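Values in this document were obtained by computation on a predicted structure and should not be read as measured data. Order of the sequence lines sets the chain letters (A, B, ...), proteins ahead of strands, with each chain counted from 1.
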Amino acid sequence: MRIATWNVNSVTARLPRLLAWLSSAQPDVLCVQELKCTDEAFPTAEITELGYEVASHGTGRWNGVAVLSKVGLTDVTRGLVDQPGYEDVAEPRAIGATCGGVRVWSVYVPNGREPDHAHYAYKLRWLEALQTTVLAERAAERPFAVLGDFNIAPTDDDVWDISLFTESTHVTEPERKALAMLRDTGLTDVLPRALKYDRPFTYWDYRQLAFPKNNGMRIDLVYADAAFAGAVTDAYVDRDERKGKGASDHAPVVVDLSL
DNA sequence: ATGACGACACAATGTCGA
């Protein structure tokens with residue numbers, strides 16, 4: 001089984017590339033983030049035409065997550081257990097589904113903006129709710145993974161130059177501690193291969209030639225339980241999808257499993 | 001070539017992303 005995650009940065013703007021990538025990479029399950037559209041505007045018809053079932057959770061111009069599956073799509077859950085809101089709005093950032101016997105969550109963790117910003121405190125609260133949800137989900141005996149844009153670089157090697165991040169979110173100790181606590185629940189960071197260079201970055205800013213210079217970050221993660229992680233036969237970042245006009249600023253992370 | 005930001009809501013800029 002092939003399971004992937006991809007922050008597409010607008011599913012409507014990315015639709016031609018998304019459809020082409022689904023046809024060529026042929027994932028059985030794709031977790032999508034940053035839909036930037038409502039559920040009504042989600043391009044369900046075009047995607048179902050390729051043989052996928054669709055569950056989306058989107059409210060408009062920001063955020064939005066979805067699960068696409070060719071191997072069944074049941075028990076859809078929208079939102080986390082005790083999920084906090086931002087400025088009294090419950091944002092669409094998490095959706096869970098069972099696909100082919102595997103429980104997956106597609107998540108878009110809040111950015112945080114600046115370490116002293118209210119959005120950063122929101123990010124940490126949101127990660128607490130994610131942990132609560134993971135603990136509740138792990139009651140069942142089935143392969144399980146949280147996939148998505150975590151907006152955290154797990155180690156200093158997961159950014160192109162750590163010296164440029166001294167005042168930045170994504171690398172702070174509290175954020176990394178939240179990831180460590182997720183691992184402590186029994187999840188493993190499934191490290192993908194890089195198809196070029198030495199580090200498997202998943203995001204490159206649109207600005208300042210970040211992609212050609214490989215000024216990237218690894219922030220799109222697959223956090224898997226033992227049953228899921230033990231079945232992994234390969235994992236890689238499809239950096240080719242970051243190339244050219246009309247690319248998302250994130251590349252897909254692809255995981256192959258012997259299930 | 002992988003090339004100097006893009007998407008969206010709004011109606012010219014402003015917000016957000018990380």
Residue whose closest nucleotide on DNA chain B lies nearer the 5' end, A/Asp205 versus A/Lys243: A/Lys243
Closest-nucleotide ordering on DNA chain B, the 5'-leading residue of A/Asn151 and A/Ala247: A/Ala247
Between [N] ([atom2]) and [X] ([atom1]): distance, integer Å:
X        : N      : atom1 : atom2 : result
A/Asn7   : B/dG6  : CG    : P     : 16 Å
A/Leu35  : B/dC8  : CG    : P     : 11 Å
A/Glu34  : B/dC8  : CD    : C1'   : 12 Å
A/Lys245 : B/dA1  : NZ    : P     : 12 Å
A/Trp204 : B/dC5  : CH2   : C1'   : 16 Å
A/Asn63  : B/dA9  : CG    : C1'   : 15 Å
A/Lys36  : B/dT15 : NZ    : P     : 15 Å
A/Arg207 : B/dC5  : CZ    : P     : 8 Å

For [N] and [X] - does any side-chain N or O of the residue sit under 4.0 Å from the phosphate oxygens OP1/OP2?
X        : N      : result
A/Ser248 : B/dA7  : no
A/Asn9   : B/dA7  : no
A/Arg113 : B/dC16 : yes
A/Tyr206 : B/dC16 : no
A/Arg14  : B/dG6  : no
A/Ser10  : B/dG6  : no
A/His250 : B/dA18 : yes

Qualifying ring-ring contact (aromatic ring centres under 6.0 Å, His included) pairs with a residue from residues 149-189 of chain A, counting only residues at least two apart or across chains: A/Phe150-A/Tyr223, A/Trp160-A/Phe165
Aromatic ring pairing A/Tyr86/A/His119, orientation class (parallel under 30°, perpendicular over 60°, tilted between): perpendicular
Among B/dC16, B/dG14, B/dA18, the one nearest A/Asp149 by side-chain distance: B/dA18
Donor + acceptor pair across side chains of A/Ser248, A/Glu241 (<3.5 Å): no
Sugar-phosphate only, base, or nothing, as touched by A/Asn215 at under 4.0 Å among non-hydrogen atoms: nothing
Sugar-phosphate, base or nothing in reach of A/Tyr108, heavy atoms under 4.0 Å: sugar-phosphate
Partners meeting side chain to side chain donor-acceptor pair (under 3.5 Å) with A/Asp240 (sequence neighbours left out): A/Lys243
Any residue meeting side chain to side chain donor-acceptor pair (under 3.5 Å) with A/Arg14, in chain and number order, not counting sequence neighbours: none
Distance between P atoms of B/dA18 and B/dC8 (Å, rounded): 15 Å
By side chain to side chain contact (heavy atoms under 4.5 Å, CB included) - contacts of A/Asp116 (at least two apart): A/Glu114
Contact residues, residues 161-171 of chain A to DNA chain B [heavy atom, < 4.0 Å]: A/His170
Cluster link A/Val237 to A/Leu221, ILVMFWY, side chain under 4.5 Å: no
Shared-cluster residues of A/Leu22, by chain and number - hydrophobic side chains joined below 4.5 Å: A/Trp6, A/Val8, A/Val11, A/Leu15, A/Leu18, A/Leu19, A/Trp21, A/Leu30, A/Val32, A/Leu35, A/Phe42, A/Ile47, A/Leu50, A/Tyr52, A/Val54, A/Leu68, A/Leu195, A/Tyr236, A/Val254
